[in-house]
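Before any comments, here is the structure.
Hydrogens, waters and symmetry mates play no part in the numbers below; they use all other heavy atoms, side chains included. Here the structure is a predicted model, which means the values were calculated and not measured.
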Amino acid sequence: MNKVKVNSFIIASVFVSNMIANSISVFINISNIFAFIVITLGIASILCSGISFTKAIVLTNLLILIQFLFSFLYINSEMTVRFFLAYITVALPAIIISQKNYHIDLVLKYVEFISITFMPFYIKTISTKYTIYDSGELMGIGYAILPIFLVSIFVLIQRTEKKIVKLIAILNLVFLLKISTQMISRGFFISIFVFLLYLLLVRSRDDIANKTRIYDVLRLMVLVIGFGIFLYSMWGYLHNNNWIYSIFLRKSGNILNGRLFDIKFALNWVSFFNFLFGNGIGSFIQNSGEMYIHNLILMMYYENGFIFTAIMLAFIWKVIVRGIIQHDMNSKYMFALVICTSLIRLMVSYYFWIDPIFWMGIGLITTKQRRLTSESCVGNCTNV
């Protein structure tokens, strides 16, 4: 058994785990199918390659457990219990998965194969389960297909990918464009734009360094400019369409979408102790009545305190830096996907405890990946 292939398949499955969960939720009656899928992937990773942690990950998880113990003693809210279960069933399996060697070409390829396999079920789920308008749910399933959007775009501009993979990428994009018009959000748009801009900058630098053909850079420039024009035209469309306009500006009629209250509330500290150690995991919804702060850093800052936030920000900064300056393409594009499919979303919404891509990125940054190329993969990784 080729462990690199299996690990790459498992990582690809994490990227599309939300889509898989939505696809099969109407067929399998499990209360939390998403967590079940991530746990299954974590167990599969252990069975394939065993379990190992770096010292940094062990210390980080120890700090998290101390934070939860403090939260149980300090506030003991229902959300504390929920987030602890999310840590056990989503965050921890994702970290375990991240500690294994992978090949980015295989990850991209498997994302396409898995997506096209579940696409008919996903379309059926969308048409049957989400017939009643709910902006939160619609944006959630929109973010679920974001990784497929980004991977398909990347596959199409890659010269090395096989024609069958490019064809599947085109089919995935066609299906997703058809069903995603009701699921768009600002974070969705920003993620795609940043990813295109990232590819443009990286390709420009690499092409100058390698003196390769410039048409790839020009093609990406056209994509970025075209998407910018699309964003501008969509803004006008949103103002003339009350249904979609309400997704963007439904709370307060401005671009902050009612988030100013959350931000002000998060910055009101009770004591210096709360500043250092937070108000407890799950405390924000209990104290404010709002679901979350719509900002990853402020959410950590309010619930976990300055010390925990500073440590996590160091990890996040390394993810961003390695996504930009890393010379190893295997790591560079993986971190770019983590940034654009997870970090950008977490800066505007969602709980970081239940985002496996975020925790996979935290785990990856502490692991020194073996530099894998097509030739170094046993059994020729690229021929699947």
Side-chain angles (χ1 to χ4, degrees), residues 2 4-20 22-24 102-127 141-181 183-184 188 191-193 195-196 198-200 202-203 206-207 212-213 215-227 230 329-330 332-334 336-337 340-341 357 372-375 377 379-384:
N2 190 329
V4 173
K5 283 186 177 182
V6 176
N7 294 333
S8 299
F9 180 83
I10 292 172
I11 289 175
S13 300
V14 171
F15 276 110
V16 295
S17 55
N18 257 310
M19 182 216 183
I20 296 173
N22 276 292
S23 300
I24 63 178
Y102 63 90
H103 192 286
I104 188 62
D105 288 345
L106 285 177
V107 172
L108 299 174
K109 193 177 300 185
Y110 288 144
V111 166
E112 297 295 348
F113 288 159
I114 296 169
S115 301
I116 199 66
T117 301
F118 283 94
M119 192 63 70
F121 306 105
Y122 189 71
I123 294 173
K124 179 177 175 60
T125 301
I126 298 303
S127 61
I141 57 179
Y143 278 118
I145 59 177
L146 177 62
I148 309 165
F149 257 103
L150 300 185
V151 168
S152 297
I153 291 170
F154 185 60
V155 165
L156 290 177
I157 66 172
Q158 283 281 84
R159 293 196 300 266
T160 56
E161 291 294 349
K162 294 182 178 179
K163 290 182 179 180
I164 182 64
V165 182
K166 288 182 179 290
L167 177 61
I168 293 174
I170 292 172
L171 290 174
N172 278 327
L173 279 176
V174 169
F175 284 126
L176 293 178
L177 287 171
K178 180 177 175 60
I179 65 176
S180 64
T181 54
M183 309 167 197
I184 53 177
F188 190 95
S191 297
I192 295 177
F193 186 77
F195 189 68
L196 289 173
Y198 167 83
L199 291 179
L200 172 62
V202 170
R203 281 298 185 88
D206 292 344
D207 280 357
T212 56
R213 288 175 295 182
Y215 82 88
D216 285 324
V217 177
L218 295 174
R219 184 168 52 178
L220 271 171
M221 286 180 66
V222 171
L223 277 173
V224 173
I225 294 170
F227 193 75
F230 174 71
M329 294 299 172
N330 202 49
K332 177 187 290 185
Y333 291 129
M334 176 60 72
L337 286 174
C340 294
T341 59
I357 300 176
L372 298 174
T373 61
S374 299
E375 291 77 17
C377 289
N380 194 357
C381 282
T382 56
N383 295 327
V384 290

**Asked** Is the shortest heavy-atom distance from the side chain of Phe175 to the side chain of Ile123 under 4.5 Å?
**Response** yes
**Ile153 vs Ile192 side-chain heavy atoms within contact, under 4.5 Å** = yes
**Message:** Determine whether Lys109 and Ile168 satisfy the following criterion, side-chain contact (heavy atoms from CB on, under 4.5 Å), listing intermediate values before the conclusion.
**Reply:** CA-CA 9 Å; Lys109 193 177 300 185; Ile168 293 174; over 6 Å; no
**Message:** If we check ring-ring contact (aromatic ring centres under 6.0 Å, His included) with Phe154, which of these qualifies: Tyr333, Phe15, Tyr198?
**Reply:** Tyr333
**Message:** As an exercise, state the distance from OG1 of Thr341 to CG of Leu150, rounded to the nearest 0.5 Å.
**Reply:** 7.0 Å
**Item:** Heavy-atom side-chain proximity of Asn7 to Leu106 below 4.5 angstrom
**Value:** no
**Request:** Search all heavy atoms of Val4 against all heavy atoms of Asn2 and return the closest pair with its distance.
**Result:** N-OD1, 3.0 Å
**Message:** Tyr143 vs Asn18, test: side-chain contact (heavy atoms from CB on, under 4.5 Å). Steps then yes/no.
**Reply:** CA-CA 9 Å; Tyr143 278 118; Asn18 257 310; over 6 Å; no
**Message:** Among Val6, Ile10, Val107, exactly one meets side chain to side chain contact (heavy atoms under 4.5 Å, CB included) together with Tyr102. Which residue is that?
**Reply:** Val107
**Prompt:** Which value, rounded to the nearest 0.5 Å, describes the distance between Ser152 atom OG and Ile157 atom CD1?
**Reply:** 11.5 Å
**Prompt:** Is Val111 close to Pro147 at the side-chain level, that is, under 4.5 Å between some pair of heavy atoms?
**Reply:** no
**Fill in**
Interatomic distance, OG@Ser115 vs CG@Leu173, rounded to 0.5 Å, equals 10.0 Å
**Asked** Just how far is it from atom CG of Leu176 to atom CD1 of Ile145, taken to the nearest 0.5 Å?
**Response** 4.5 Å
**Message:** Can you tell me how far apart CE (Met119) and CG (Leu171) are? Round to the nearest 0.5 Å.
**Reply:** 9.0 Å
**Asked** Can you name the nearest heavy-atom pair linking Val155 to Lys166, along with the distance?
**Response** O-NZ, 2.9 Å
**Item:** 4.5 Å side-chain heavy-atom contact, Ile357 and Leu337
**Value:** no
**Item:** Sub-4.5 Å side-chain heavy-atom contact between Met334 and Ile11
**Value:** yes
**Item:** For Leu146 against Cys340, the heavy-atom pair lying closest together
**Value:** CD2-O, 3.5 Å
**Request:** Could I get the full list of side chain to side chain contact (heavy atoms under 4.5 Å, CB included) partners for Phe118, not counting sequence neighbours?
**Result:** Met19, Ile20, Ser23, Ile24, Ile114, Phe121
**Complete:** His103 and Ser8 have their tightest heavy-atom pair at N-OG, 3.0 Å
**Request:** Kindly compute the distance separating NZ (Lys162) from CG (Leu167), expressed to the nearest 0.5 Å.
**Result:** 14.0 Å
